[in-house]
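Remarks on the structure that follows.
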Amino acid sequence: MKQFVWIFFFLTVAYRGFSQDYPITPVPLSQVKIQSGFWYDRLEKARTVTLPHAFHKLEENGKFDNFAVAGGLKKGTFNGVRFDESDVYKVVEGAAYSLQNRYDAKLDRYLDSLITLFAAAQEPDGYLYTIRTIYGDSTGLKDWIAGPYRYGFENGSHELYNVGHLYEAAVAHFQATGKRNLLDIAIKNANHLVKTIGPKPGQLMVVPGHEEIEIALVKLYRVTGTKSYLDLARFFVDMRGRGDKRALFQDAHNLGPAYFQDHKPVVQQTEAVGHAVRAQYLYAGMTDLAALQNDQAIREAVMKIWEDATTRKQYVTGGVGARENGEAFDDPYVLPNDAAYAETCAAVANLLWNHRLFLLTGESKYMDVFERVLYNGFLGGLSLEGDKFFYVNPMSSNGKKDFSNGLAAQRSPWFGINCCPSNVARFLPALPGYIYALRNNELFVNLFADSQTEMKLNETAVKIQQQTLYPWDGAIKLTVSPRKATAFPVLIRIPGWANNQPMPGDLYRYTTQQTPSIKLTINGKATPVTIENGYLKLHRSWKPNDVVTLTLDMLVREVVANAKVKATNGKVAIERGPIVYCAEGLDNNGQALSLTQTSDQRYTPEFRKDFLGGVTVLKTGGAKPTTLIPYYAWNNRGATEMAVWFGQVGK
């Protein structure tokens with residue numbers, strides 16, 4: 001029992017337990033319960049379908065066997081590619097989050113059985129990388145797979161990337177269960193890294209080829225208080241842009257050091273470049289360091305990079321990484337439609353980074369981006385049934401493309417490279433932990449979902465109950481119940497779309513400046529709406545069962561892109577609330593790519609409970625009736641034409 005008391009304490013002070021950290025603290029996942037509605041349905045699907053499906057695929061493809069072979073528990077060879085271990089750890093992390101949402105004794109025992117395999121595969125000094133343990137250093141492995149010695153080719157080996165995901169899984173598992181069996185494996189490996197890599201004589205000068213461990217070391221530092229983990233994360237970040245001190249640079253995509261964000265020291269970087277997932281994991285790690293070490297130089301660099309990524313290189317769905325070659329950020333305003341890459345993993349990385357920037361600054365624009373990515377760029381990567389995935393998320397499709405690299409017109413149950421399915425499986429169960437946050441005695445309500453939570457505000461226990469049909473309806477009811485009357489501020493995010501701004505910056509704008517109405521009542525009494533920094537701030541003395549009702553008018557809006565985005569010149573996209581819409585040929589006489597918008601075209605929202613899992617569709621009549629569905633729901637009825645952007649006629 002004492003152990004679980006400690007875990008609860010850790011969860012509530014994790015971001016405050018050190019002399020310097022984020023000024024805003026997320027209300028922990030374990031303290032937030034989603035009870036019904038849009039996100040409840042998806043969390044249940046993740047628990048009952050996505051996670052079991054992912055574990056089955058990992059088992060079916062021999063990914064667990066690699067640990068058994070490395071640990072001497074069975075005979076065999078290595079199965080798959082060098083970074084497959086990361087997928088195993090990501091799914092374990094997602095399962096640990098799921099345990100925090102709803103405990104499952106069978107799943108708990110299953111995770112313990114996997115952890116036994118991980119422990120067996122770990123070498124006595126803490127090293128954990130099954131392909132090298134199975135084959136050794138000199139058995140003919142090609143350098144691009146593992147290198148001639150430990151960490152000898154980190155640009156390609158993913159040794160550090162793999163164990164970074166191990167650390168994240170270990171922290172999540174410890175938080176969920178109180179058990180240290182996975183955490184101790186992570187600590188043993190981290191201690192090995194601290195001894196092996198660094199600036200001291202005899203240590204290796206290594207920089208991760210695929211960033212991730214920077215984030216993970218910070219998480220491990222928060223759990224253990226071991227400062228050397230934070231120091232190593234800082235070392236990895238500081239060593240970028242100093243390639244002369246490391247092994248010969250290699251890049252299979254011919255994009256140069258920028259592919260690895262290794263072209264300049266991080267404090268000199270001002271643009272989002274290279275592989276979009278690697279980049280945003282680095283930027284998230286840099287944001288952690290800016291908070292933990294109060295580093296203004298890193299903070300300024302991160303802000304400049306975010307400005308570039310968000311206002312010049314982001315799709316209307318929130319997707320990033322337009323270039324197929326290298327899965328990379330392209331030049332500013334280069335955002336093709338049919339060739340859009342927008343990897344699902346990049347959407348996850350974008351979510352993680354923007355949430356950290358909110359925790360650092362308290363600015364709503366970061367959660368505005370988060371929401372757009374969540375409902376569109378991220379959610380589009382998962383089928384409605386929860387067992388098929390998109391690797392990439394284009395803005396249009398002819399319904400026929402089918403490439404092995406994931407550029408397909410059809411979702412797949414698994415891929416040759418499975419980073420995206422495993423990333424979806426780990427992020428979705430963690431969603432409740434992103435809804436609420438605290439800054440001293442201030443409560444932030446950042447996302448809208450039927451949910452309940454409890455925390456202390458002004459030294460008083462407070463229950464919060466949120467009820468809403470969002471994203472289909474803009475009414476949000478918040479019941480605030482302190483144990484006794486007490487004063488504290490409640491800050492409710494007013495989404496950018498409700499304030500006439502699709503996304504921060506001038507990359508996208510609405511064609512009309514018709515500001516949606518925002519209505520507020522407190523205990524049934526109409527109250528003036530005052531928005532500060534994107535938040536409706538309610539500072540009052542609250543008493544039990546006070547009811548706040550916020551109603552956001554959900555207009556159907558036309559969006560146009562900056563004229564510098566050549567791919568969308570003369571085109572419009574359609575939104576309602578946080579949802580970006582698209583057309584599928586199945587609803588429009590086989591047509592989507594050739595659909596146009598006329599000057600008198602008006603869409604009528606219609607909620608259809610038994611269609612595509614329950615969605616609001618947009619319909620227009622006239623000579624050429626058109627039906628639009630949420631972008632996230634496309635390709636759930638088979639391959640067909642799809643378009644997000646439509647040509648304009650008579651405008």
Not counting sequence neighbours, which residues clear side-chain contact (heavy atoms from CB on, under 4.5 Å) with Phe611? List them please.
Asp587, Arg608, Val615, Val617, Ile629, Arg637
Rounded to the nearest 0.5 angstrom, the OG1-CG distance for Thr287 and Leu357 is 4.5 Å
With a 4.5 Å heavy-atom cut-off, do Phe427 and Leu352 have their side chains touching?
yes
Applying salt bridge (Lys or Arg N to Asp or Glu O under 4.0 Å) to Arg42 and not counting sequence neighbours gives none
Taking only residues two or more places apart in sequence or in another chain, which ones pass ring-ring contact (aromatic ring centres under 6.0 Å, His included) with His173?
none
Using the side-chain hydrogen bond (donor to acceptor under 3.5 Å, both in side chains) rule, collect all pairs that involve residues 66-77, keeping only residues at least two apart or in two chains.
Asp65-Lys74
Apply side-chain contact (heavy atoms from CB on, under 4.5 Å) to Ala461 and list each qualifying residue two or more places apart in sequence or on a separate chain.
Glu454, Arg483
Salt bridge (Lys or Arg N to Asp or Glu O under 4.0 Å) involving Arg102 - partner list, sequence neighbours excluded
Glu44
Determine the interplanar angle of the Phe67 and Phe118 rings, folded into 0 to 90°, and report it as parallel if under 30°, tilted if 30 to 60°, perpendicular if over 60°.
tilted
Ala347: partners by side-chain contact (heavy atoms from CB on, under 4.5 Å), with sequence neighbours left out
Val373, Phe378
Among all residues two or more places apart in sequence or in another chain, which pass the ring-ring contact (aromatic ring centres under 6.0 Å, His included) test with Tyr161?
His158, His165, His210
Can Tyr391 and Glu327 be counted as having a side-chain donor-acceptor contact under 3.5 angstrom?
yes
Taking atom types as modelled and ignoring hydrogens, do the side chains of Ser451 and Gln35 form a donor-acceptor contact shorter than 3.5 angstrom?
no
Counterpart residues, salt bridge (Lys or Arg N to Asp or Glu O under 4.0 Å), relative to Lys63 (two or more places apart)
Asp84
Within the structure provided, determine whether Asn189 and Tyr129 are in side-chain contact (heavy-atom separation under 4.5 Å).
no
For Glu212, the salt bridge (Lys or Arg N to Asp or Glu O under 4.0 Å) test, sequence neighbours excluded, returns none
Could you check whether Asn636 and Ser383, counting side-chain N and O atoms only, form a donor-acceptor pair closer than 3.5 Å?
no
Would you sort out whether Asp387 and Lys45 count as a salt bridge (Lys or Arg N to Asp or Glu O under 4.0 Å), showing the intermediate values?
CA-CA 9 Å; Asp387 59 358; Lys45 193 74 73 173; over 6 Å; no
Taking the inter-plane angle between the rings of His53 and Trp414 on a 0 to 90° scale, is it parallel (under 30°), tilted (30 to 60°) or perpendicular (over 60°)?
perpendicular
Heavy-atom side-chain proximity of Asp21 to Arg222 below 4.5 angstrom
yes
Looking at residues at least two apart in the chain, or sitting in another chain, which of them share a side-chain contact (heavy atoms from CB on, under 4.5 Å) with Ala172?
Glu93, Ala96, Tyr97
Scan for salt bridge (charged side-chain N to carboxylate O under 4.0 Å, His left out) pairs involving residues 150-178, sequence neighbours excluded, and state none if there are none.
Glu123-Arg150, Asp125-Arg150, Arg132-Glu159, Glu168-Lys219, Glu168-Arg426
